[in-house]
Amino acid sequence: MGLWIDTDMGFDDLAAVLVITHAGKKVDGMSLIAGNSPLERVRINAASAAHLFGWNFKIFTGRENAVMGGLETAEKILGPHGMQSTGLHLPDCRPIAECSAFDALCNWLESKSNPDDERHILALGPLGNIASLVLARPDLARKIDCLTWMGGAVGLGNHTASAEYNAFADPEALAITLSHQVPLRMVDLDLCRQVLATPADIAPIRNAGGKNAELLADLTEGYVNIALARGRDAMSIFDPCAAVATISTDVITFADAHIEVELGYGPSRGRTIVDPRPNAAKNAQYAVAVDTDCARDLIFSALKAEAAK
């Protein structure tokens, strides 16, 4: 299976990539998109993570704003680094100079030589890079066998009352992707809210003894503290849940549905509408159940294993 990661590289994106690499999955490439942070910070985070964790796949620069223009970040929550921390941060490495994400995605899909040569994309941010591909090269977009996306919400949002952040940041990109029959699997907020990180999860990472143990523990603690500061006991795990769905077919269950996204500039902008009724015209899948213990084990095993190196 060929696997591509599209990301805005916050902490949970980083954790998702570690889940993938810990499982032994080969990553063919990574495209970056503005989201959690402006694109330049995303590029710095990706270059720094690649340096620290020994990623040997190429990283490519994608869109710096939404399909219709503008930029909506999560900096008010995640801070200027795009990752909260109680101590250490990534080291601010110089961004890697590679060709454009659009060209790289096209080349990757063009290299698909037969139907058995699968192409899967794990998308962890707004879908602008995918929408750009769909609009300009629909012939290549048809070669995508599966797009697993962390985004959307069946119920309440997190960035607004109606919308999850990745959907709100570029709803037009989601609408374009859905309208072109890309085989989308949506791992939404409601599913991710069942898989939690707690303060008790930090010490095993900190005590793992490897060169990056303190960094990973500080970043994990900063992530958990987002929830604690809001009076909750634990923090939902977002992007790593989509990674779990990519490496295992048994942990997360999907069902067919018709999915749309609200595009108006009112309070419901970015809201995802999921209709699973039998008579609905199905255009995607959404995650309906998760083995929470197994998902947590896969995620924290990856973090502890990396912290032990």
Side-chain angles (χ1 to χ4, degrees), residues 3-23 25 27-39 41-50 53 55 57 59-64 66 72-74 77-78 82-83 90 101 104-105 120-133 144 146-153 158-159 163-171 173-174 177 182 184-189 191-193 195 197 219 223 235-247 252 270 272 286-287 295 298-299 302-303:
L3 177 62
W4 190 278
I5 299 176
D6 189 74
T7 173
D8 55 355
M9 199 47 72
F11 169 69
D12 60 333
D13 303 69
L14 168 60
V17 179
L18 295 179
V19 169
I20 294 293
T21 56
H22 179 63
K25 296 291 185 181
V27 179
D28 291 338
M30 173 181 285
S31 49
L32 306 179
I33 189 161
N36 287 324
S37 306
L39 184 59
R41 168 49 60 181
V42 173
R43 294 180 70 220
I44 291 170
N45 285 351
S48 303
F53 303 112
W55 298 344
F57 45 82
I59 301 174
F60 303 92
T61 300
R63 295 188 62 91
E64 62 182 348
E72 181 76 21
T73 74
I77 296 171
L78 301 179
M83 302 184 189
L90 293 175
L105 276 164
H120 290 210
I121 298 175
L122 172 61
L124 305 172
L127 289 174
N129 287 334
I130 310 304
S132 295
L133 173 73
I144 299 172
C146 181
L147 170 63
T148 300
W149 176 55
M150 191 281 119
N158 63 349
H159 197 68
E164 179 273 335
Y165 169 73
N166 288 335
F168 182 85
D170 199 343
L174 174 56
T177 302
V182 175
L184 175 72
R185 298 193 304 173
M186 188 175 86
V187 181
D188 83 309
L189 284 184
L191 189 287
C192 296
R193 284 167 172 156
V195 184
L219 292 174
Y223 184 74
M235 180 66 179
S236 302
I237 302 174
F238 300 117
D239 293 341
C241 286
V244 166
T246 303
I247 66 172
I252 295 177
T272 46
Y286 74 113
L298 287 169
I299 293 164
L303 288 171

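FYI, the numbering just counts along the sequence from 1.
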> Quick check: closest heavy atoms across Gly270 and Ala167, and the distance to 0.1 Å?
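Smallest interatomic distance, heavy atoms only, reads O-CB, 3.4 Å.
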> Taking C-beta and beyond as the side chain, do Phe57 and Val17 meet within less than 4.5 Å on heavy atoms?
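Phe57 vs Val17: side chains touch.
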> Are any side-chain N or O atoms of Tyr165 and backbone N or O atoms of Gly125, one a donor and one an acceptor, separated by less than 3.5 Å?
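Such a contact is absent between Tyr165 side chain and Gly125 backbone.
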> Between Cys192 and Ser236, which heavy-atom pair has the shortest distance, and what is it?
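The answer is O-CB, 3.8 Å.
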> Do the non-hydrogen side-chain atoms of His120 and Ile5 ever get within less than 4.5 Å of each other?
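Heavy-atom side-chain distance check fails, nothing below 4.5 Å.
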> Can a donor-acceptor pair be found, under 3.5 Å and without considering hydrogens, that links the side chain of Asp8 to the backbone of Ser37?
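Looks like no, no N/O pair under 3.5 Å.
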> Go through the side-chain N and O atoms of Arg185 and Thr148 and say whether any donor and acceptor fall under 3.5 Å apart.
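A donor-acceptor contact under 3.5 Å links the two side chains.
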> Does Phe238 have any ring-ring contact (aromatic ring centres under 6.0 Å, His included) partners at least two apart in sequence or in another chain, and if so, which?
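Residues passing ring-ring contact (aromatic ring centres under 6.0 Å, His included) with Phe238: none at all.
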> Would a 4.5 Å heavy-atom cut-off, applied to side chains only, mark Leu90 and Met83 as touching?
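Leu90 reaches Met83 side chain to side chain.
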> Does Phe53 have any ring-ring contact (aromatic ring centres under 6.0 Å, His included) partners at least two apart in sequence or in another chain, and if so, which?
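Result, ring-ring contact (aromatic ring centres under 6.0 Å, His included) vs Phe53: none returned.
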> Kindly indicate whether the side chain of Thr61, heavy atoms from C-beta on, has any atom under 4.5 Å from the side chain of Arg43.
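Yes, side chains in contact.
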> Could you tell me which non-hydrogen atom of Ala173 sits nearest to which non-hydrogen atom of Gly128, and how far apart they are?
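Looks like CB-N, 3.7 Å.
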> Give, for atom CD1 of Ile247 and atom CD1 of Ile252, the distance between the pair rounded to the nearest 0.5 Å.
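One finds 9.5 Å between CD1 of Ile247 and CD1 of Ile252.
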> Tell me every residue that passes salt bridge (Lys or Arg N to Asp or Glu O under 4.0 Å) with Arg41, counting only those two or more places apart in sequence or in another chain.
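Salt bridge (Lys or Arg N to Asp or Glu O under 4.0 Å) check on Arg41 returns Asp92.
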> Not counting sequence neighbours, which residues clear side chain to side chain contact (heavy atoms under 4.5 Å, CB included) with Ala66? List them please.
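Checked Ala66 against side chain to side chain contact (heavy atoms under 4.5 Å, CB included); matches are Asp170.
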> Could you tell me whether a side-chain N or O of Asn45 sits under 3.5 Å from a main-chain N or O of Met9, the two making a donor and an acceptor?
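Here the side-chain-to-backbone pair exists.
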> Taking all atoms of both residues into account, what is the closest heavy-atom pair of Cys241 and Ile299, and its distance?
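Reported closest heavy-atom pair: N-CD1, 4.4 Å.
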> Just to verify, which of Asn36, Ile33, Asp239, Asp12 counts as forming a side chain to side chain contact (heavy atoms under 4.5 Å, CB included) with Leu124?
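Of the listed options, the one satisfying the test is Asp239.
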> Applying side-chain hydrogen bond (donor to acceptor under 3.5 Å, both in side chains), can you list everything that pairs with Ser31, at least two apart in sequence or on another chain?
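Partners of Ser31 under the side-chain hydrogen bond (donor to acceptor under 3.5 Å, both in side chains) test: Trp4, Asp6.
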> Contact between Leu174 and Leu184 at the side-chain level, heavy atoms closer than 4.5 Å - yes or no?
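Sidechains of Leu184 and Leu174: in contact.
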> Which heavy-atom pair separates Ala287 from Asp188 by the least distance, and what is that distance?
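Between these two residues, the closest heavy atoms are O-OD1, 4.1 Å.
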> Within the 4.5 Å heavy-atom criterion, are Thr272 and Glu164 side-chain neighbours or not?
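No. Closest side-chain heavy atoms not under 4.5 Å.
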> Would you mind reporting whether Tyr223 and Leu78 have side-chain heavy atoms less than 4.5 Å apart?
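Leu78 does not reach Tyr223 side chain to side chain.
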> So how far is it from Leu133 CG to Leu105 CG, rounded to the nearest 0.5 Å?
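Leu133 CG to Leu105 CG: 6.0 Å, rounded to 0.5 Å.
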> As a test of understanding, state which of Leu122, Asn166, Val187 forms a side chain to side chain contact (heavy atoms under 4.5 Å, CB included) with Trp149.
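Among Leu122, Asn166, Val187, the one that satisfies the side chain to side chain contact (heavy atoms under 4.5 Å, CB included) with Trp149 is Asn166.
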> When rounded to the nearest 0.5 angstrom, what distance separates CG in Leu191 from CD1 in Ile237?
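If we round to the nearest 0.5 Å, Leu191:CG and Ile237:CD1 are 11.5 Å apart.
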> Ala163: what forms a side chain to side chain contact (heavy atoms under 4.5 Å, CB included) with it, not counting sequence neighbours?
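Ala163: side chain to side chain contact (heavy atoms under 4.5 Å, CB included) contacts with Thr160, Phe168.
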> Of all heavy-atom pairs between Leu32 and Asn129, which one has the smallest distance, and what is that distance?
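Where Leu32 meets Asn129 most closely, the heavy atoms are O-ND2, 3.1 Å.
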> Kindly check if the number of other-residue, nucleotide or ligand heavy atoms within 6.0 Å of CD (Glu72) is above 12?
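Yes, because the 6.0 Å sphere around CD of Glu72 holds more than 12 heavy atoms from other groups.
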> To the nearest 0.5 Å, how far apart are CD1 in Ile130 and OG1 in Thr177?
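Ile130 atom CD1 to Thr177 atom OG1 measures 6.5 Å (nearest 0.5 Å).
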